[in-house]
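The figures that follow rest on heavy atoms only: side chains count, while hydrogens, waters and symmetry mates do not.
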Amino acid sequence: MRTGRLDRTKPAVIDEDMRQQFAKLGVTVAVKDDEETDAIAIMTTAWNSVIAFLECQSQWRVAAGLAGIVWLGLDYSACRLVLDDLQAPADTFADLRFMEDAALKVLNEADI
C-alpha cells in the first residue's frame, strides 16, 4: 500500500523519514509526533489510476450560471493526452471514469 493526503491543501506532516530527506539537503526541521495525519491508504494496484486522476485535475469541464458552478465531468480528449504522457495502462481510463463519477457526486453535492 501507498499513502496519500486527503487534503492536498494542508502541509505534509514532517515525520522522521521526511526529516532525514531534509537533512540530506542540509535543512534542519522539527519532527512533530503529536500531529494528526490525514493519510489515506491506496492499494498498490490502484496507485497508477489515482496518480492519473490527480494529473487530470485541471481537465474538468464546468458550467457557470446564476445558480453557481455545475461540474460536468472531465474533458476526455485532454485526459487521453495526459494518460498517453503518463504511459498509463489501457484500463486506467475506465478507472478514471469511475473516479470521475464518484467525484461528480461530491462536487455537485449542493444539487443532490
Side-chain angles (χ1 to χ4, degrees):
M1 294 238 174
R2 296 189 183 191
T3 60
R5 289 181 285 150
L6 290 173
D7 185 352
R8 294 177 58 144
T9 62
K10 291 183 182 178
V13 175
I14 306 295
D15 59 9
E16 183 58 29
D17 179 55
M18 190 172 289
R19 187 202 62 77
Q20 290 175 5
Q21 292 178 40
F22 274 110
K24 289 178 184 176
L25 297 171
V27 178
T28 304
V29 296
V31 175
K32 293 188 176 183
D33 292 328
D34 61 342
E35 199 168 321
E36 286 186 34
T37 181
D38 64 349
I40 57 171
I42 299 171
M43 293 174 45
T44 305
T45 56
W47 184 256
N48 290 333
S49 296
V50 171
I51 294 301
F53 183 74
L54 294 174
E55 290 294 323
C56 290
Q57 67 184 335
S58 63
Q59 305 308 323
W60 285 98
R61 289 186 177 183
V62 297
L66 295 176
I69 294 176
V70 176
W71 299 82
L72 303 173
L74 290 168
D75 181 340
Y76 290 161
S77 58
C79 290
R80 285 277 186 197
L81 293 172
V82 172
L83 296 178
D84 288 346
D85 189 49
L86 294 173
Q87 298 178 345
D91 60 342
T92 305
F93 188 70
D95 293 345
L96 189 73
R97 292 183 65 202
F98 181 83
M99 289 183 279
E100 172 197 32
D101 183 58
L104 283 171
K105 291 173 184 164
V106 174
L107 293 169
N108 290 319
E109 191 173 60
D111 297 334
I112 295 175

Original post:
Of Asp75, Ile69, Leu107, Leu72, which is the lone residue that meets side-chain contact (heavy atoms from CB on, under 4.5 Å) with Trp60?
Top reply: Leu107
Subject >> Gly73 versus Leu104, closest heavy-atom pair with distance >> reply: N-CD2, 3.9 Å
Subject >> Minimum-distance pair of heavy atoms, taken over all atoms of Met99 and Ser49 >> reply: CE-O, 3.2 Å
Subject >> Euclidean distance, Gln87 CD relative to Asp85 CG, rounded to 0.5 Å >> reply: 8.0 Å
Subject >> Partner set under ring-ring contact (aromatic ring centres under 6.0 Å, His included) for Tyr76, not counting sequence neighbours >> reply: Phe93
Original post:
Is it true that a side-chain atom of Asn108 and a backbone atom of Trp71 form a donor plus acceptor pair closer than 3.5 Å?
Top reply: yes
**OP:** Report the distance from atom CD1 of Ile42 to atom CD1 of Ile51, rounding to the nearest 0.5 Å.
**Re:** 7.0 Å
Original post:
Can you name the nearest heavy-atom pair linking Ala52 to Leu86, along with the distance?
Top reply: CA-CD1, 3.8 Å
Original post:
Is a salt bridge present between Asp101 and Lys105, judged by a nitrogen-to-oxygen distance below 4.0 Å?
Top reply: yes
Original post:
Take atom CD in Gln20; do more than 12 heavy atoms of anything else shown fall under 6.0 Å from it?
Top reply: yes
Subject >> Check: Leu74 main-chain N/O paired with Glu100 side-chain donor or acceptor under 3.5 Å >> reply: yes
Original post:
Which atom names give the shortest non-hydrogen contact between Phe53 and Leu96, and what distance separates them?
Top reply: CA-CD1, 3.4 Å
